[in-house]
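Indexing begins at 1, ligand by ligand and atom by atom, following the structure's order.
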Amino acid sequence: MSIPLLFTPLTLRSLTLRNRVVLSPMCQYQAVEGRMQDWHYQHHSRFASGGLALGFVEATGVTRDGRITHGCTGIWEDAQVPALKRIVDLYHQYGAACGIQIGHAGRRASAERPWDGAAPIQRHDGPEPAWQRVGPSDVPERAGYPAPRALTESEIADLVEAFVAATGRALAAGFDVLEIHGAHGYLIHSFFSPISNRRTDAFGGTRDKRMHFPLLVAEAVRAAWPADKPLFYRTSSVDGVEGGVTVEDTVALAQALKARGIDLLDCSSGGMSGPATLSSAKITPGYQVPYAAAVRRQANLPTMAVGAILEPRQAEDILVAGDADLIAIGRQMIAEPHWLYRAALALGQPDPAAVLSKYYGFYLARRASVLDLADRP
Ligand SMILES: Cc1cc2nc3c(=O)[nH]c(=O)nc-3n(C[C@H](O)[C@H](O)[C@H](O)COP(=O)(O)O)c2cc1C
């Protein structure tokens, strides 16, 4: 029997991922001054021993003001590196690779945590006050929300440098993969989208000019990230808003990113209006897969599909159809950290328990050899 694609390795630059399943980046809002806490360690522990190929650390701010909330992780100072390294070591201990997503929240910074409503912080004093949002233009996220301050060209150059410095720290922490967060309405996406970018200088106007900042970041990060390590980029492949980013725009961006050494496009969507991770829009299984498929075919760039990928067969079919190279899973992994064990059973892998750490897998394999289900009630 042939091996399911889900369980075949993938090599990107010098990194060989042992299978195609990735933990999608998920903010935990539990950091203190950007530093990871025990919560993050237990969060990643749930997945690290579960057999996945690559686990991603959440959107991590390249500057203090680039965090979404006061609870977001940061990578703007060296003191944040040891706790990040602890997560990298955790994944490595179980044979998985570890990645980090770096970003800047832009006009969506200074927000409350999701369970507190995710709206802009209104307090101006106390322990967690509001701070100034920035963006390409002074267009607020939505009517009634604080307007971001439009960045000057020299501030833009400083932010590119902040991405470079963050890249150096990600390297020091030992990450295998770096992902630039170019999605969900945050700073990089807000430069690319005509909804939020109304500039008339080198950074706005035509699609090529709106790509300028994303490409500057990509080029600078690529130059600072070792040539043997893969660099991913997450897009909001469509804004889903009249006049916003379309798949055609994203394919053009993918081609430009590919020319600058980006190895894979992680195809998400949305965030230009409404909450990034709390959207109340109805979704269906695999709702974003067509974006990964379009980019993979039209830009000839490897892609990662994400979004309501729930079932092993569904994931396998995406790979078999040639719609994506990797499968990222977020919420279903929260529900089911050992999803890969179920996938190995469902797809007929000969030794399904072998995907897990032997400290768990040993017992499941042994049980499988003795369990007689004939008299099951
Ligand atoms: C709690 C939570 C936090 C998230 N944080 C991030 C993040 O840090 N960066 C990001 O790009 N997407 C983030 N997302 C989006 C997920 O990575 C993923 O793309 C989305 O949840 C769809 O996949 P799923 O249906 O498998 O959960 C987050 C989603 C959730 C539920």
Checklist entry - Stepwise, does the salt bridge (charged side-chain N to carboxylate O under 4.0 Å, His left out) test hold for Arg260 with Glu219? => result CA-CA 6 Å; Arg260 285 158 183 83; Glu219 259 169 26; 2.8 Å; yes

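- Within the structure, ligand 1 has Gly307 among the residues with a heavy atom less than 4.0 angstrom away.
- Considering backbone and side-chain N/O atoms, Ile329 never comes within less than 3.5 Å of an N/O atom of ligand 1.
- Atoms of ligand 1 lying under 4.0 Å from at least one heavy atom of Arg331, given by number and element, are 21 (O), 22 (C), 24 (P), 25 (O), 26 (O), 27 (O), 31 (C).
- The pair Glu112-Arg123 counts as a salt bridge, with a side-chain nitrogen and a carboxylate oxygen less than 4.0 angstrom apart.
- The number of heavy-atom neighbours closer than 6.0 Å to OH of Tyr363, taken from other residues, nucleotides and ligands shown, is 12 or below.
- Polar contact check, Ile309 against ligand 1: no nitrogen or oxygen pair lies under 3.5 Å apart.
- Residue Tyr29 has no N or O atom closer than 3.5 Å to an N or O atom of ligand 1.
- For Arg67 and Trp131, the positive end sits near the middle of the six-membered ring, less than 6.0 Å away and at most 45° from its axis.
- Here's the thing with Ser24: one of its N/O atoms is less than 3.5 angstrom from an N/O atom of ligand 1.
- For ligand 1, the polar-atom distance check against Ala328 finds no nitrogen or oxygen pair separated by under 3.5 Å.
- To the nearest 0.5 angstrom, Arg35 atom CZ is 14.5 Å from Gln30 atom CD.
- Looking at His181 against ligand 1, only its side chain comes within 4.0 Å, counting heavy atoms.
- For Arg234, a nitrogen or oxygen atom sits less than 3.5 Å from a nitrogen or oxygen atom of ligand 1, counting backbone and side chain alike.
- By the criterion of a heavy-atom distance under 4.0 Å, neither the backbone nor the side chain of Met333 is placed next to ligand 1.
- Residue Val306 places no N or O, backbone or side chain, under 3.5 Å from any N or O of ligand 1.
- Checked against Pro4 for a side-chain contact (heavy atoms from CB on, under 4.5 Å), the options Leu347, Leu319, Asn19, Val320 give a single hit: Leu347.
- Heavy atoms only, all atoms of each residue included: Ile329 and Gln332 are closest at CG2-CB, 3.7 Å.
- Those atoms of ligand 1 with a heavy atom of Ala308 less than 4.0 angstrom away are 24 (P), 25 (O), 26 (O).
- Under 4.0 Å from ligand 1, not a single heavy atom of Gln332 appears.
- For Gln101, a nitrogen or oxygen atom sits less than 3.5 Å from a nitrogen or oxygen atom of ligand 1, counting backbone and side chain alike.
- Using a 30° and 60° split on the angle between ring planes, His212 and Phe203 fall in the tilted class, from 30° to 60°.
- Crowding of Gln93 atom CD: a count of heavy atoms from other residues, nucleotides or ligands under 6.0 Å exceeding 12.
- The distance from ligand 1 to the heavy atoms of His184 drops below 4.0 Å at these ligand atoms: 10 (C), 11 (O), 12 (N).
- At a threshold of 4.0 Å, the pair Arg13-Asp176 does not count as salt-bridged, since none of the basic side-chain nitrogens sits closer than that to a carboxylate oxygen.
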